[in-house]
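Ligands are counted one by one from 1 in listed order, and the atoms in each one are counted from 1 as well. Below, all heavy atoms of this structure are taken into account, side chains as well, without hydrogens, waters or symmetry copies.
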Amino acid sequence: MIDDATQIKRKSFCLNHVCITIANDFLLDSILISFSTCLLATFIKPCALKDSQSNDCLARNIENIFQHWRNGVPGLSGVGSLDPFRVNRLRIAQRVPPNVDVRVELRNMTTVGLSQAKILNSTTLYNTGHYNLGFHVHLTQINLTSKYKLKGHVLLLNLNSTGILTSELDNLEFYVALRMQPQQAEGITFMNVNAIKTDIARIDNIRINLTNLFNGNKELERSANEIFNENWRVLFEILRPVLTQTFDSVLEDRFTKVFRYLPAKYLFKDVE
Ligand SMILES: *[C@@H]1O[C@H](CO)[C@@H](O)[C@H](O)[C@H]1NC(C)=O
Ligand SMILES: *[C@@H]1O[C@H](CO)[C@@H](O)[C@H](O)[C@H]1NC(C)=O
Ligand SMILES: *[C@@H]1O[C@H](CO)[C@@H](O)[C@H](O)[C@H]1NC(C)=O
Ligand SMILES: *[C@@H]1O[C@H](CO)[C@@H](O)[C@H](O)[C@H]1NC(C)=O
Ligand SMILES: *[C@@H]1O[C@H](CO)[C@@H](O)[C@H](O)[C@H]1NC(C)=O
């Protein structure tokens, strides 16, 4: 016999070695998984959310969430791996006269390196019921692999090809703006992510390699790739929307799910 109490789904998590179990009727998992969450979540500390130009506590929390939960969040299904991170399909149409006018489709893109994110600083601002968080993120290196389809011109080369794209990006820095709002669910306050937007502030180098650029002509392929690498800043204008979209979707997915999972008071001190 299974009694009603067992049927009530249960969610447990733990902060500073104290385990809390909440019964509610959305998402829940076994006690075992909850227990591992208990052991892992000690890296989260409640941070003050008052207006601040340098909220180190928040910066460390975010960094820790990215590192410790890079393979997913224990007890929470539907949060994918961060390293590698996969994107099924991306389409870009980019026109930057006179160098670039292309349409690119990327399939099965994989990136490696996101879990190494370092938060350089973090700001918090409260405004009419919303919290605005801002942080500068640094990534030492991101490696990207994808199937590509490309049509158009780049640096005087007329291209129409499909193949494999691999790329390494060095020293990337971007700014993230996140807007969130407290929301009640089952009598518990959670943070609801309203919007998230990233903006790349700096990149030091891009190495790129596209296969099969000219129907398998290796000579032409090599010289085209050399031209791309010598002019990587032009390539960056093509990759910028890809990177921005990737960061936006990674961050939105993570923050939305983690904030919906952990009651606000475990992440933020001064939230009712
Ligand atoms: C992408 O990967 C999935 C799963 O591995 C596969 O089924 C699909 O055919 C791939 N798509 C392309 C365009 O390679
Ligand atoms: C990216 O690839 C290079 C060359 O294969 C490798 O040395 C480097 O460790 C990789 N970086 C990451 C973040 O995986
Ligand atoms: C955060 O760090 C970035 C990069 O070092 C810097 O440009 C920015 O001014 C800093 N912001 C604050 C509020 O300190
Ligand atoms: C591009 O290549 C595809 C497949 O090889 C071909 O069908 C198409 O006509 C080409 N387009 C142009 C503009 O050359
Ligand atoms: C580009 O990638 C192809 C296929 O992975 C590889 O054979 C080739 O050596 C690479 N070229 C460079 C310059 O790394």
Determine the sole option in Thr244, Val176, Leu178 for which the side chain to side chain contact (heavy atoms under 4.5 Å, CB included) test with Lys197 is passed. Thr244

Say you draw a straight line from CG of Leu165 to OG1 of Thr211; how long is it, rounded to the nearest 0.5 Å? 8.5 Å

Check this for me, if you would: do Glu252 and Arg254 make a salt bridge, where the nitrogen-to-carboxylate-oxygen distance has to be below 4.0 angstrom? no

Would you say Arg107 has any N or O atom under 3.5 Å from an N or O of ligand 1, going by distance alone? no

Would you say Thr211 and ligand 5 have an N/O pair spaced under 3.5 Å apart? no

Any idea which atoms of ligand 1 are less than 4.0 Å away from a heavy-atom of Asn108? 1 (C), 2 (O), 3 (C), 8 (C), 10 (C), 11 (N), 12 (C), 14 (O)

Can Thr189 and Gln184 be counted as having a side-chain donor-acceptor contact under 3.5 angstrom? yes

Nearest heavy atoms of Pro84 and Val112, plus distance in Å: CB-CG2, 4.4 Å

Suppose the criterion is disulfide bond (SG atoms under 2.5 Å apart): which pairs have a residue in residues 189-228, not counting sequence neighbours? none

Ligand 4 polar-atom proximity to protein (N/O, under 3.5 Å):
{"residue": "ligand 4", "atom": "2 (O)", "partner": "Asn160", "partner atom": "OD1", "Å": "3.2"}
{"residue": "ligand 4", "atom": "2 (O)", "partner": "Asn160", "partner atom": "ND2", "Å": "2.4"}
{"residue": "ligand 4", "atom": "11 (N)", "partner": "Asn160", "partner atom": "ND2", "Å": "2.9"}
{"residue": "ligand 4", "atom": "14 (O)", "partner": "Asn160", "partner atom": "ND2", "Å": "3.2"}

Is it the case that atom NZ in Lys50 sees more than 12 heavy atoms from other parts of the structure closer than 6.0 Å? no

